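Presented below is the structure to which this report refers.
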There are 2 protein chains.
Amino acid sequence: MPKQVTLSEVATRAGVHVATVSRALNPATRSIVNEKTARRVEAAAKELGYVPNIMARSLRTQSTMTVGVIIPDLTNPIFPPMIRGIENYLAPRGYTALLSDSDGKAALERSAVTSLSERRVDGFIIATGLEQHPLLPTLFESGVPVVLANRGAGEVPYPLVTGNDEAGIQAAVSHLKELGHRDVVHVAGPQSFSTSRIRAETMVRACEVAGMRCRVVEATALTADEGEKVTDTLLAEKQNFTAIQASTDLLALGVLRSLRRHGMRCPEEMSVIGFNDMPFAEEFSPGLTTVRVPLEDIGTESARQLMRSLSEGSSSPIVVTLPVSLIVRASTGQAPRAGVSTQP
Amino acid sequence: MPKQVTLSEVATRAGVHVATVSRALNPATRSIVNEKTARRVEAAAKELGYVPNIMARSLRTQSTMTVGVIIPDLTNPIFPPMIRGIENYLAPRGYTALLSDSDGKAALERSAVTSLSERRVDGFIIATGLEQHPLLPTLFESGVPVVLANRGAGEVPYPLVTGNDEAGIQAAVSHLKELGHRDVVHVAGPQSFSTSRIRAETMVRACEVAGMRCRVVEATALTADEGEKVTDTLLAEKQNFTAIQASTDLLALGVLRSLRRHGMRCPEEMSVIGFNDMPFAEEFSPGLTTVRVPLEDIGTESARQLMRSLSEGSSSPIVVTLPVSLIVRASTGQAPRAGVSTQP
DNA sequence: ATGAAAGCGCTAACAG
DNA sequence: CTGTTAGCGCTTTCAT
């Protein structure tokens with residue numbers, strides 16, 4: 001940390017006391033000080049290249065104006081838009097987001113929370129979806145406000161901001177039904193994620209209601225590779241189904257890859273629907289039919305909820321559900337007549 | 001900032017002086033203190049849920065163990081891998097990356113530097129590529145170490161870590177030549193970016209050497225939309241060319257979209273090559289032939305260079321050029337016989 | 001309108 | 001081995 005200019009150096013330069021400099025440079029107290037002196041102080045500060053030390057200020061004021069944002073994986077394209085939403089809401093309000101990529105690992109996540117706590121963030125936005133999260137109870141006791149984004153996290157009574165998973169799945173099922181599909185598969189994410197579970201359960205129920213058969217297979221991670229792997233074994237079993245709904249676009253991407261490798265045409269022989277409408281879902285081949293989740297809005301709303309907790313000094317386990325919409329692209333089509341797609 | 005447990009509370013609880021607590025809790029000085037006392041202190045700290053205040057520590061030690069990372073756009077998929085590389089290098093060394101998304105706007109970038117300076121980061125990694133960057137000279141004067149990642153930034157003598165643009169373009173041109181292409185177009189990025197300029201210049205030169213005609217058109221931003229727009233006007237002109245090399249995968253994506261809209265088949269009627277091999281470039285339709293830049297390595301190496309500047313207390317304008325490789329996928333193919341792709 | 005002085009939480013000499 | 005003391009850079013009473 002290269003030695004930086006301090007208040008007292010500015011004070012000496014301007015020939016006033018540090019307190020005066022502090023007042024002159026702080027917009028809120030600027031009016032207190034003589035206009036001429038203030039100008040002199042400002043000039044001195046500029047000449048010296050003064051940059052306030054925000055840590056010293058925070059130490060004194062007991063407020064950091066920061067919020068810790070914990071996400072499981074920055075390289076997952078659904079998170080950058082959420083982050084953008086958060087920052088866009090925070091910045092005009094004087095808050096700064098401190099980002100932490102936990103890499104999906106519980107250990108790193110623990111250290112992320114610790115590291116951010118050491119920085120005395122005023123609150124957290126947590127987008128990691130592990131249920132039974134070991135840290136949340138600890139955090140809760142410490143009284144720091146937390147908002148859960150995108151995924152719930154079990155028993156802790158924190159506000160949760162999420163897309164409408166049920167509605168999204170319903171829309172997907174309706175779409176498939178209209179296209180004549182009767183036998184479908186749901187590629188679920190790890191059931192330790194609340195969203196994965198909700199989507200899977202809703203899928204089963206919605207299919208029942210619609211009079212469709214639905215089989216659920218579970219991927220061990222929300223990645224394209226896992227989606228591919230699961231689909232490989234699925235196709236090897238030569239079951240009868242004509243459509244696959246994946247819990248996540250990344251999983252759906254893996255499904256698409258597997259189909260391609262198996263020489264199965266999508267959507268002619270197999271329809272595929274994802275979830276999230278992540279950036280570039282449109283570019284997949286074929287363009288992915290999916291449920292659009294308002295990712296940036298989730299970020300914005302999470303930040304808003306956190307600010308609310310901050311100002312009210314308390315929070316309730318409110319759930320904010322944002323509307324989703326089905327985006328029909330090229331990966332879904334009429335169900336093949338025979339319905340024996342995997343048995344040529 | 002909710003009131004947190006302080007050292008002195010732990011001290012009271014353990015029945016010792018704060019200094020002893022500080023020593024007991026700091027691994028480096030832990031050996032100085034009586035084993036039994038240390039245990040008692042640790043117990044007290046744990047019971048109270050003590051979390052050190054890192055700002056107070058930094059204030060005292062004059063070292064924050066943080067580096068500021070400034071990127072122009074978090075939603076551009078080339079950056080998350082770089083960030084991962086940076087963090088992976090930094091974390092084991094006790095450093096934390098403070099991220100700042102400048103959104104590509106000069107104003108925000110200014111405030112990013114300011115905000116990070118106020119946090120007294122020990123150094124910067126800047127991945128924003130504006131030449132004539134107004135802030136760099138200022139930063140330079142302040143003596144804070146800086147490393148430029150991915151894109152150079154003009155006259156300031158900072159280390160630069162980048163992929164081998166020349167080699168990448170050469171490889172692309174060779175590839176096109178082998179496929180029989182003789183008339184090509186380079187879709188350049190804004191020439192205010194150093195990489196855009198280098199790629200464009202190398203392209204022109206390499207084509208000359210290879211005996212190919214090369215036309216350069218400039219996009220106003222490194223986005224798919226701009227790539228699309230540029231290609232639209234290009235196709236409207238009905239020029240003779242059989243391949244397009246884009247300065248960036250995002251631009252190439254736009255090219256692909258435009259071709260599709262114009263009913264032009266890729267690669268049968270028009271070959272396309274990108275640059276970067278961004279995540280998901282493989283998923284485009286068709287899968288994008290491109291130059292793979294080791295994004296994560298660029299991050300890692302940038303961090304390494306910064307650590308070096310930090311420990312040596314000085315830095316030189318060294319340029320670290322990382323090797324790139326051509327990834328051939330489905331978007332390039334044999335040049336059409338006639339070479340009059342846009343004049344059916 | 002400005003100065004003096006205290007103190008945020010921590011570490012690092014310096015004593016003992 | 002442990003306590004005392006000072007001070008990092010800043011804001012905020014309290015005086016003047």
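Note that this is a predicted model, so its numbers are computed, not measured. Reminder, nothing fancy here: chain letters follow the sequence lines and each chain counts from 1.
- OP1 or OP2 of dG3(C) sits under 4.0 Å from a side-chain N or O of T20(A).
- To the nearest 0.5 Å, the span separating OG1 on T20(A) from CD1 on I32(A) amounts to 11.5 Å.
- For the pair L59(B) CG and dA6(D) P, the computed distance is 18 Å after rounding to whole Å.
- Each end of the helix from dA1(C)-dT16(D) to dG16(C)-dC1(D) gets its own axis from five base pairs, and the two axes differ in direction by 40°, given to 10 degrees.
- For S22(A), there are no side-chain hydrogen bond (donor to acceptor under 3.5 Å, both in side chains) partners two or more places apart in sequence or in a different chain.
- For Q62(B), the listed nucleotide lying nearest its side chain is dC8(D); candidates were dG7(C), dC10(C), dC8(D).
- Side-chain contact check for S8(A) and T6(A): at least one donor-acceptor pair (N or O, by modelled atom type) lies under 3.5 Å.
- Along DNA chain C, the nucleotide closest to A19(B) and the one closest to A56(B) are compared, and the more 5′ of them pairs with A56(B).
- With values rounded to the nearest 0.5 angstrom, I54(B) atom CD1 is found 11.0 Å from S117(A) atom OG.
- Two residues are said to be in side-chain contact when any heavy atoms from C-beta on lie closer than 4.5 Å; V16(B) and V21(B) meet this criterion.
- Counting only residues at least two apart or in different chains, side chain to side chain donor-acceptor pair (under 3.5 Å) contacts with residues 66-84 of chain B comprise D73(A)-R84(B), R84(A)-D73(B), D101(A)-R84(B), D103(A)-R84(B), T64(B)-T66(B), D73(B)-T75(B).
- Contacts of T29(A) with the nucleic acid, taken as non-hydrogen atoms under 4.0 Å apart, are absent.
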Where do N or O atoms of nucleotides 14-16 of chain D meet protein N or O atoms at under 3.5 Å, pair by pair?
none

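- Distance R57(A) CZ to dC8(D) P: 18 Å, rounded to the nearest Å.
- Side-chain contact between I125(B) and M82(B): absent, with no pair of heavy atoms (C-beta onward) separated by less than 4.5 Å.
- Put simply, CZ on R30(B) is 18 Å from P on dA12(C), counting in whole angstrom units.
- In this structure, the side chains of L139(B) and Y158(B) come closer than 4.5 Å at one or more pairs of heavy atoms.
- Pairs passing the salt bridge (charged side-chain N to carboxylate O under 4.0 Å, His left out) check and including a residue from residues 4-31 of chain B, sequence neighbours excluded, read R13(B)-E47(B), R30(B)-E35(B), R30(B)-E42(B).
- Considering only the side chain of T61(A), dT12(D) comes nearest among dT12(D), dG3(C), dG9(D).
- Checking dG9(C), dG3(C), dG3(D) against the side-chain heavy atoms of N53(B) singles out dG9(C) as nearest.
- The CZ atom of R40(A) sits 11 Å away from the C1' atom of dT2(C) (whole-angstrom rounding).
- Comparing I32(B) and N26(A) by the nucleotide of DNA chain D that holds the closest heavy atom to each, the one mapping nearer the 5' end is I32(B).
- Residue T37(B) places at least one side-chain N or O under 4.0 Å from the OP1 or OP2 atom of dT2(D).
- In this entry the distance linking NE2 of H17(A) with C1' of dT12(D) reads 12 Å, nearest Å.
- Straight-line distance from the CE atom of M55(B) to the C1' atom of dC8(C): 9 Å, rounded to whole Å.
- For S102(B), the side-chain hydrogen bond (donor to acceptor under 3.5 Å, both in side chains) partners two or more places apart in sequence, or in a different chain, are E109(B).
- Here dT11(C) presents its C1' atom at 15 Å from CE of M65(B), a figure rounded to the nearest Å.
- Heavy atoms of S22(B) sit under 4.0 angstrom from at least one base atom.
- Put simply, CG on L48(B) is 15 Å from C1' on dG9(C), counting in whole angstrom units.
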